[in-house]
Amino acid sequence: TLPMKLKRNIIPKYIGIALLILLCLIFLIPDLSLRAYVFLISPKSALTMEYVEDKEAWDLADEPKDNMTIYRITKNIPHAEETDLDLVLWQVRRYGPFYVTGRYWEC
């Protein structure tokens, strides 16, 4: 067995490595990027939501569409209490190998 002092030094390193891997996965996989952002607003919705790619909203978008996908949450939609709105549309943009999610505002 390892001495107790060595165990105390190794465990935080493993936790740090695991968190770094999770963070990388969140930004490298579009699904995880979307769920992670929704998780900040509504953890329950992030874990149970269903969504589809919304081609109609994408066609109507008046901003640059390069490397952008718009998703519509169809089940367990998160709700913003401060604005009393259902947060249905989300955009996921690709920057090189990374995916960044944001709220897509309908105009």
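Separation of atoms CZ (F39) and CG (L47) is listed at 6.0 Å; rounding is to 0.5 Å. Rounded to the nearest 0.5 angstrom, H79 NE2 and E82 CD are separated by 8.5 Å. Of the inter-residue distances, the one linking L25 atom CG with D31 atom CG reads 11.5 Å to the nearest 0.5 angstrom.
In terms of heavy-atom proximity, R103 sits nearest to L89 at NH1-O, 2.5 Å. Minimum heavy-atom separation, M49 to I73: SD-CD1, 3.6 Å. Across all their heavy atoms, R93 and D66 have their closest contact at NH1-O, 3.9 Å. Considering all non-hydrogen atoms of both residues, S45 and V38 come closest at CB-CG1, 4.2 Å. The two residues I41 and P78 make their nearest non-hydrogen contact at CG2-CB, 4.4 Å. I77 approaches L87 most closely through the heavy-atom pair CG2-O, 3.6 Å.
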### Task
Give the intermediate values and the outcome of side-chain contact (heavy atoms from CB on, under 4.5 Å) for residues L23 and L19.
CA-CA 6 Å; L23 185 64; L19 290 175; over 6 Å; no

#### Entry: Stepwise side-chain contact (heavy atoms from CB on, under 4.5 Å) test for K44 and N76
CA-CA 8 Å; K44 180 184 175 196; N76 298 322; 5.6 Å; no

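A 4.5 Å side-chain heavy-atom check between V88 and D54 finds every atom pair outside the cut-off. Side-chain contact between I70 and K55: absent, with no pair of heavy atoms (C-beta onward) separated by less than 4.5 Å. The side-chain heavy atoms of L28 and F98, taken from C-beta on, include a pair separated by under 4.5 Å.
No donor-acceptor pair under 3.5 Å is formed between the side chain of R72 and the backbone N or O of V52.
Scored by the side chain to side chain contact (heavy atoms under 4.5 Å, CB included) test, Y14 finds I10 as partners (sequence neighbours excluded). Y99 meets the side chain to side chain contact (heavy atoms under 4.5 Å, CB included) test with P30, S33, V92, R94; sequence neighbours excluded. The side chain to side chain contact (heavy atoms under 4.5 Å, CB included) check on L22 picks up I26, with sequence neighbours excluded. Taking the ring-ring contact (aromatic ring centres under 6.0 Å, His included) definition, one finds that Y37 meets it with W90, sequence neighbours left out.
For residues 19-28, no residue pair satisfies the side chain to side chain donor-acceptor pair (under 3.5 Å) rule, not counting sequence neighbours.
Hydrophobic cluster membership differs between Y104 and L40, with clusters built from Ile, Leu, Val, Met, Phe, Trp and Tyr side chains linked at under 4.5 angstrom.
Hydrophobic clustering, defined by side-chain heavy atoms of Ile, Leu, Val, Met, Phe, Trp and Tyr closer than 4.5 Å, groups Y95 together with V100.
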